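Inspection log for the structure reproduced underneath, given as structure tokens.
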Amino acid sequence: MTIQRFALNRRSLLAAMGALIGAGALPEAAWAQEEGAAPYFAAPLFAILDEVCAIIIPKTDTAGAREAGVPQVIDGLMRNWASAEHRRQFEGLLHEIDASARSADGGGGLLSLPPARRIEIVAAFDAAQMAGRDSVYRRFKDLVLTAYYLSEAGATQELRYEPIPGSFQGGVPVGPDTRAWAV
């Protein structure tokens, strides 16, 4: 087994911090679905986006990506904020996911498969892209996670959020039902 080492330097740390701060500072108008505005993605492509987001962060005892409105956020970002290059890359990625479902099952696309098979296809695609260090897929997945954890459901149900924190308590027991903190 080889261990991959990643060099952490001041420049990459500052870039990551800038991206994190920038995502939080994006105006809500950048991703808000305007009343009566047409979605950016055509209906078939939006349906694939919706399904992939729901598979990446499924609904459990808390809301999943679909219930938190992550596909609508991504659609709004593509329509109002993303560059033409990012739009092209994300559209291509969604077509690529659908094509991988077609080639794996020799028929219709991702949405024509039963739910369990969809999860298998997306999981295999995810594993291949993450192993290959595909930067477009990594950005897409980061966007799904960021949009989810910036949503009300992600920040208050999935994470633990206290707008006015209490006193410091060192040595709090942590168990499998303990949630991480939203900052």
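Source: prediction; values computed, not measured.
- For residues 39-73, no pair satisfies ring-ring contact (aromatic ring centres under 6.0 Å, His included), with sequence neighbours left out.
- The structure places CG of Leu45 at 11.5 Å from CG of Asp50, a figure rounded to the nearest 0.5 Å.
- To the nearest 0.5 angstrom, Leu49 atom CG is 9.0 Å from Met78 atom CE.
- Taking all atoms of both residues into account, the shortest heavy-atom contact from Pro39 to Asp75 is CA-OD2, 3.3 Å.
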Subject >> Chi angles and distances behind the side chain to side chain contact (heavy atoms under 4.5 Å, CB included) call for Gln89, Arg139 >> reply: CA-CA 10 Å; Gln89 290 174 345; Arg139 278 196 318 267; 2.2 Å; yes
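- Within the model, atoms CD1 of Ile48 and CZ of Arg118 stand 10.0 Å from one another, a figure rounded to the nearest 0.5 Å.
- Evaluation of the salt bridge (Lys or Arg N to Asp or Glu O under 4.0 Å) rule for Asp98 yields Arg102 as partners, not counting sequence neighbours.
- Side-chain contact check for Glu96 versus Ser100: every heavy-atom pair is 4.5 Å or farther apart.
- Judged as a ring-ring contact (aromatic ring centres under 6.0 Å, His included), the pairs with a partner in residues 89-113 (not counting sequence neighbours) are, in order, Phe90-Phe140.
- Donor-acceptor pairing under 3.5 Å is lacking for the side chains of Gln129 and Arg138.
- Remark: Ala104 engages Arg117, Ile121 in a side chain to side chain contact (heavy atoms under 4.5 Å, CB included) (not counting sequence neighbours).
- To the nearest 0.5 Å, atoms CD1 (Ile55) and CG (Asp126) are separated by 10.5 Å.
- Salt-bridge annotation for Arg88 and Glu85: present, with a side-chain N of the basic residue lying under 4.0 Å from a carboxylate O of the acidic one.
- For the atom pair Ile57 CD1 and Glu67 CD, the distance stands at 10.5 Å (nearest 0.5 Å).
- In this view, Gln157 and Thr62, Ala63, Ala153 satisfy the side chain to side chain contact (heavy atoms under 4.5 Å, CB included) rule, not counting sequence neighbours.
- Among Val122, Leu110, Ile56, the single residue meeting the side chain to side chain contact (heavy atoms under 4.5 Å, CB included) criterion with Glu51 is Leu110.
- When all heavy atoms of Ala65 and Ala54 are compared, the closest pair comes out as CB-N, 4.5 Å.
- Remark: Asp61 pairs with Arg179 by the side-chain hydrogen bond (donor to acceptor under 3.5 Å, both in side chains) rule, at least two apart or across chains.
- Put simply, CD on Gln72 and SG on Cys53 are 9.0 Å apart, with the number rounded to the nearest 0.5 Å.
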